[in-house]
Amino acid sequence: MGEHTYEILLAAAVASPLVSFWLLVFFGPRLGKPKAGWVGVLLGMGVPLIMGTIVMIGWWFFEDEASRAALTEHAFRWKWANLGAVAVDIGVKLDSLTVAMFFMVTFIAFWIFVFSVGYMKGHSDEVSGQCKYWRFFAYLSLFGFAMLGLVLSSNLLFLFIFWELVGLCSYLLIGFYFDKAFASKAAMKAFITNRVGDFGFLIGLMLVYFHLGTLDLDQAATRFAEQYASGTGIFASGFTMFGWSLATIMGVGLFCGAMGKSAQFPLHVWLPDAMAGPTPVSALIHAATMVAAGVYLVARVYRLMTPDALMFISTIGCLTLTLMALIAMVQVDIKKCLAYSTLSQLGYMIFGMGCGAWVAALFHLVTHAFFKAMLFLGSGQVIEGCHHEQDMRKMGGLRHKMPFTCWTFFVGVLAISGAGIPAMHIGLGGYFSKDEILAVAYTRSYVWGEGDFSKHEAHEGEHHSSTSTVHDVPVQLAAYQEHGEPEHADHGGAHESVDAHSSAPLALIFEHTKPLPKWMFWLAIITAYITPFYMMRCWWLTFMGKPRDEHVHEHAHETPMMFIPLVVLAIGTVFASYYLFRPLMADAAGAATAAPMVMAIDGDVHTPAITSAHSWLVYGVGFAFVAGFALAYLIYRDGLAVGDRIKQRLWPLHTLLVNKYYIDELYELVWVKGCVLLAKTAGFFDKWVVDLIFNLAAAITERLASFSGMIVDKHGVDGVVNGIAQTSMDVAGVASSAQTGRIRNYVLVTAAVAAVVLICLVWFGTNSGYSGARSFSALSP
Amino acid sequence: MSIDRVNQLSSTCVRRRFALAPALLVLGVTLLCGTRAMASSGGEVVTTAAEPGSLLEVVLFYAVATMTIVSSVAVCMSKNIVRMALWLFMTLASVSFLYFLLAANFLASIQLVVYAGGTLVLLVFGVMLTNKSPWARYTPGKLELVGAAAVCSVLLVALWLVFLRAEWSRLPGAFAGTSVADLGRSLLSVYVVPFEVAGVLLMIVMVGAAHLARQDK
Amino acid sequence: MDLLTLIVFLPTLGAVACLVTPRQHIRMVALAVSFVTFVLSLTLFGTFWAGSGDVAIFGEHYGTLHETVRADWIVGDRFAIEYFLGVDGLSFPLIILTTLVSFLACLASWNFDSWKVNRGPRAYFILFLLLETGMLGVFVALDFFLFYIFWELMLLPMYFLIGVWGGPRREYAAIKFFLFTLGGSVLMLVALVAMYFFSDHAITQAMVEQGVDVIESGYRDGVGVTHGTFDMIELATNTAIQGYFGAKSTLFLGLRFAPLMFAFLFIGFAIKLPIVPLHTWLPDAHVESPTPISMILAGVLLKMGGYGFLRICYPIFPSGGYTLAFYVAMIGVVSIVYGALCAMAQTDFKRLVAYSSVSHMGFVLLGIAVMTKSGMQGAMFQMIAHGISSPMCFFLVGVIYERAHHREINRFGGLWLTMPKYGTMATIGFFAALGLPGLCGFIGEVWVLLGTFAARDMFPWAIPMAIVAASSVILTAGYILWLIQRVYLGREREEYKGFLDASPREMFVLVPLAVLCIALGVLPMQTVFNFTNGTLDLMLAQVLSGAGVG
Amino acid sequence: MTIGVTHFLVVGAVMFCCGLYTMSTKRNAIGILIGVELVLNSSALNLVAFDRYMGAGRLDGQIMALFIIVLAAAEAALAVGICINVYRNLATVDVDKATQLRG
């Protein structure tokens, strides 16, 4: 292949949705209903999918490890602008992670686009009889452009730009039914909440720019490692905030962006509301791709993280995954239920990132994208079939009317619950990925805590090296021990950083990196039991049991256009993720996690890399789905009665959960109301204090100027305050009664100003004994 | 014409006579000093009306300065427009005498002839032509008066302070004296363009004023 | 006749032509003149492209000017006011911006007859064209005296345009605008005179010390200076003058010369920018003035303040800028946040946009104040970007005002449904104001923020400032989205059902601005930075060395 | 007890302030004109005084005063013309009442 072939293909793939976007903007109305959709499908995602597939095949099957590394290193860069003295490049970050993400996004998005062609037929005419069909696909195409751009960006600034663009698309699509107040409010909430995260992102960017002197991801990582080795730059600063060093603040700042986009607690509030958008949007943006961008960002800047920052990340992730899973248990809206489950799963990913399970978190991202997209599409099918009914309490028994939807949905439920058979290499995507994260968490909280981790691991290392089918697992702890330096030291982009670091003893990292608090691990485990419960509940209430609402049941139907994507995604869920994505992630991990301060741990329990000491855990969690399913079945097999009784017993808990811990209310009170209050205060201040100074001056001269009697007559003054208000408000009215008088006043005002200036001059001149005349005196010849 | 109106008119006339008396006095003094200055010049170089530093200069200055100040204050205090014009005439005359004291004899004459003579007459004509009654009054509001007075006095104080602080001694010194000829020469050499422009301006103004004031057909 | 003179005075000629044109053709003449001016200003690009390749022609050394016109104007023996025009990286984009916005504003005035004012179009268009001359003059004049004259020249037409053709409170607004600007001009005038005399002294002193008859010019080869000057570039580059201006022992009114003069000029320019707390003229002027005048006011007039900083304040008094950096930056940050908060509180559409201008121009001030490369670049970019997005926003408001005859935000709703084309344009315009990446507002903000952060070495307070300023991204998103939601989204309202979508004329105004919004956001280098950075970087280097830090 | 430049300046300042006061309190157009004349005269006086005491032989101050007189004459002529016209049309020269030109 020629130079930059991959980049050209990928760039073409990014440009294609943009072309589609403009086409739809200009010709959308003329194309009409189904055609506009097909333009979106083919140009908006079809072309990128083809390109993505070609690139992935070429990358994974026709390049060896060395040529991949070389390609990464020599990836395309084009100078876009100068930021001060720092050049900002547009470029392609070309590595296995990009390729994997790119393929995943295009694949899922393509099928969701196809689904939308059918789904939007009935959902796009609601806006006052105007056809908004083309507009939907225009937005989707724009989203495709932004998301793919985000994945490709080699530069933090561009990452940020596309980051905001996907935010914009999300805004536009959540507010697609903008004639409905709740939709436009939800859109606004999403955008502003994301902006709060972006604020942190910006601060992170500033620190990167200032201390590392570049915004390029690879360069930044290299310099970070250099500065760490030499103790200069960002490490030279003694600045701390909340006990965090500057480097940690940088990491946390960047993570704040991820918190916004990936809807992590406490910025999670927008995601459930975002379900106001059309269902394909929920599937694509708010489940599969955009919300995962936060995780992707953390993965990308992993090399700039410090142990403290990672601890913060894992704490946030752990809180999110637990709290949101609890809420999911009580949701009755099918989409809301899925939304909270998404939040919980995102929490898992972030948690995984935080505890060092780099590969596992990304792997979970991909598997989750598949099954969650499928679940959302399934729910869309249900909603469509039931005439926009979203309340699960009114459904039930839909399995006969929508068999395909029912069983693909069930595959999704199994996958998200982590169904699989431990000890044998059989299971769905979620089974592998979630267990990996848990295994790493276990390692970090128990094995790590036992002091001499390295000794503990030493003998397992041989085991691992020999049995691993994956050659490039991230940080092979054993390998470190045996050879004294990491195996992947010769990987392209990370080359220098690792060199700079290779002599540093590994012990340093252990010293820096504290073990994970045990409660975090246990919360994650408990949630692993909760997940199957609420997913099963959701499925059972919707499809199983007896129909609870005749009207809904009567009309239920499914359309082929919409269930084909479901089937495709189900197949992907079952097969593609483990065999395709896991190795790609692991391949990328070597270079992408070669950081001086952090440690990525491979948690692939199925190649018993870590330890056998926690195999009980694998069994424990491996069967969690059975327990969850059983519980859900017992409660909901006869409809809602048992559930209602439990609800009445535990009403305080139930109320708290249904109201989402009252966080929305709290934010409304503190932030929204507070901000509006602050704004009102500022507005008031501006009008009555800042402006009053001028107005008073004007009013006084005005009164002097005009017939005083006239003014008094016209604007009778009751009370001083009222009088002041009246005066400044009516200056204009008064003014028009004596325009020439204004010129006279103007003379007077000028004179007054001159007098004040003169007095000031004299005053200041007095202080040091100098005068204007002296300064001017030297001027004459 | 009512009795009141007659009374009013007659009393103003009386007061006007009193007002005119000092004006005539100043005019007399001015002409006197002017003649003296002219006479004493004797040659090309013109000197001041009184020897610099002499007692005469001091006395003359204070007399004329007082007259200037009094009359200009009277201008702004007068309610009646005709009286304002007359007080203005006195001010202008006093200023012309100050010019004499400043050895700007030509300027002083011009001031008298053009300003006090021409411009003021023009103004008085304006007054006469534009008033139903020459004695008409336009009363400004009290607040307005107070405000203006306040601003003006503050400005005056400020200016005074500036004068007090200034160190004039560091500036270049006085000149020995120049002649009208010098003035003429520089008008026709260095300042020839402004001079010509001023001429054109005057012509335009003449035409314009005539046009403005002409009776509508 | 040379190009710049032609560009500057062509509108004046147009104004004269308007005097004798029949009433119904006046707008045609004005439009044609402003269009020709725009095209002529575009020919300035020729100068740029004639330069060599990638290196900006505006960056050979500070003071490299193009298309210069230089002639004595008012000359005494120790005294020379010159008719001195020229273009460099600072003024070039602003000239194009001025002619473009004027042209579009002229187009926006096309429906003059429907404004229901009892004044005819003749005076309006004459004043409009005179205003354009004034604005262009400010941007091309390099003699301070000439600059001042143009500065005042632009003031008067603006006063009448607001005061005669404005809304109900027009006289109040016009007087307010006039008084504020005039207040600033007074200080500027003091600085103008003082700078002349002090430079004269500096030159004289230097001649005596060095025993020469003539001091070499700071930027012109083979030209000498023998007395004080109003030449802004000379004042900034001449070592003798700079040395004297910046010296600690140079006092004026008992205070150090450079900071005092800086402060005088700063206030003069900052009123125009405007800054908090001298901003209150802006909302009133905007609310009362007719739409095209709002466009010019926001698009060009506000930029004069920023241009003044970059052209006069900082190059001539670098040490002043350095000494007062904290206060200047503080004012900038306060303007950013305070403007955004005030915008959030408004219910009048136009007033909201006006306050958002205060917020956006705060970024300009902050970027300049921190004296870093990216700060300055960002400030310049922000000026251009705001010069494009804010006229667009004001025009958008104008379009809807013409139909609804009110501007209460809370009374609107669902306009996107009623007027889809207009809604799309509005989205682009307001998102550009919001600072969405890919649109023009983003680049300026990020550049300024990063520049502020990078000033940490010089100014320890830079980081907190940058963080506070960065927090405004949330506030900005808040008020703009809230605005969009209240006006454009939501259910279609009965009373607005009959509204026509944007007419071709209106689209003709909006589309170029929208295209520029996107172009500047996507290709900042090719659209702005290539032209400005050369001069800016050199100017900054000189400013820093003048302030003793570079 | 010599008479210096300050003495003249003080006289000028007083005249200036009186002129200013007149300008800002009179509503008669001619009255305002008279105020303007006072202000012009005070500045001319200052110029001549400076010329006398620190002009060092140059006549710039006097020339400037001369031009002031010329301009004042021109201005008075025009202004009176306008006043007469206004009076003819509106039957008053009260500036507060001449509001026809307002927009």
Side-chain angles (χ1 to χ4, degrees), chain B residues 53 57-58 61 65 68-69 72-73 75-76 81 84-85 88 91-92 95 98-99 102-104 107 110-111 114-115 118-119 122-123 125-127 129-130 138 140 144-145 148-149 152 155-156 159-160 163 168 171-175 178 182-183 186-187 191 194 198 201-202 205 208-209 212-213, chain D residues 1-11 13-22 24-28 30-31 33-35 37-38 41 44-45 48-49 51-57 59 62-63 65-67 69-74 76-78 80-85 87-88 93-94:
Chain B
E57 191 200 24
V58 176
F61 173 78
T68 318
I69 290 172
S72 57
V73 169
V75 168
C76 57
I81 192 77
M84 270 174 72
L88 178 70
T91 317
L92 297 178
V95 169
L98 287 176
Y99 288 160
L102 284 166
L107 204 59
I110 295 293
Q111 167 92 357
V114 177
Y115 228 132
T119 310
L122 197 65
L123 284 181
F125 264 108
V127 172
L129 284 172
T130 58
Y138 300 94
E144 193 180 13
L145 290 175
C152 289
L155 183 65
L156 189 60
L159 285 170
W160 193 302
F163 297 153
W168 307 112
L171 292 166
F175 68 96
T178 47
D182 290 338
L183 206 61
S186 66
L187 258 186
Y191 292 100
L201 174 86
L202 281 175
V205 164
L212 272 176
Chain D
M1 198 176 143
T2 7
I3 302 299
V5 67
T6 317
H7 294 80
F8 288 94
L9 293 187
V10 170
V11 175
V14 173
M15 279 173 72
F16 183 86
C17 291
C18 288
L20 200 67
Y21 181 85
T22 314
S24 50
T25 53
K26 300 292 182 266
R27 290 171 59 224
N28 187 320
I30 307 250
L33 207 57
I34 287 175
E37 300 295 344
L38 268 183
N41 255 282
L45 180 61
V48 178
D51 186 50
R52 165 73 178 76
Y53 285 98
M54 44 207 72
L59 288 168
Q62 289 198 28
I63 302 263
L66 209 55
F67 281 124
I69 292 174
V70 172
L71 287 182
L78 266 190
V80 168
I82 291 173
C83 285
I84 290 173
N85 232 359
Y87 180 74
R88 202 179 284 147
V93 282
D94 184 345

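The sequence lines fix the lettering, A, B, ..., with proteins before strands; numbering per chain opens at 1. Just so it is clear, the values below take in all heavy atoms, side chains as well, and ignore hydrogens, waters and symmetry mates.
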Legend entry - Minimum heavy-atom distance between B:Gln111 and D:Asn41, given as atom pair plus value: NE2-OD1, 2.7 Å
Legend entry - Non-hydrogen atoms of D:Gly31 and D:Thr22 that approach each other most closely: O-CG2, 3.7 Å
Legend entry - Greatest number of heavy atom pairs closer than 4.5 Å to chain B - which of D:Val5, D:Ile82, D:Leu71, D:Val48: D:Val48
Does any backbone or side-chain atom of [X] lie under 4.5 Å from a heavy atom of chain D? Answer side chain, backbone, both or neither.
X	answer
B:Leu156	both
B:Leu187	both
B:Leu88	side chain
B:Leu159	side chain
B:Val73	both

Inset, instruction - Decide yes or no for D:Leu33 and D:Val80: does some side-chain heavy atom of the first lie under 4.5 Å from some side-chain heavy atom of the second? - result: yes
Inset, instruction - Look at the aromatic rings of D:His7 and B:Phe61 and report parallel, tilted or perpendicular, splitting at 30° and 60°. - result: perpendicular
Inset, instruction - Identify which of B:Ala198, B:Ala65, B:Ala104 forms the greatest number of heavy-atom pairs closer than 4.5 Å to chain D. - result: B:Ala104
Legend entry - Reported CH2-to-CG distance for the pair B:Trp160 and D:Leu9, which is rounded to 0.5 angstrom: 11.5 Å
Legend entry - Spacing of OG1 belonging to D:Thr25 relative to CG belonging to D:Leu20, to within rounding of 0.5 Å: 9.5 Å
Inset, instruction - Taking D:Lys26 for its side chain and B:Cys76 for its backbone only, find out whether a donor-acceptor pair lies under 3.5 Å. - result: yes
Region of [X] in contact with chain B, defined by heavy-atom distances below 4.5 Å:
X	answer
D:Tyr21	both
D:Phe8	both
D:Ile34	both
D:Val70	both

Legend entry - Those residues that, when tested against B:Thr91, pass side-chain hydrogen bond (donor to acceptor under 3.5 Å, both in side chains) (two or more places apart): B:Ser71
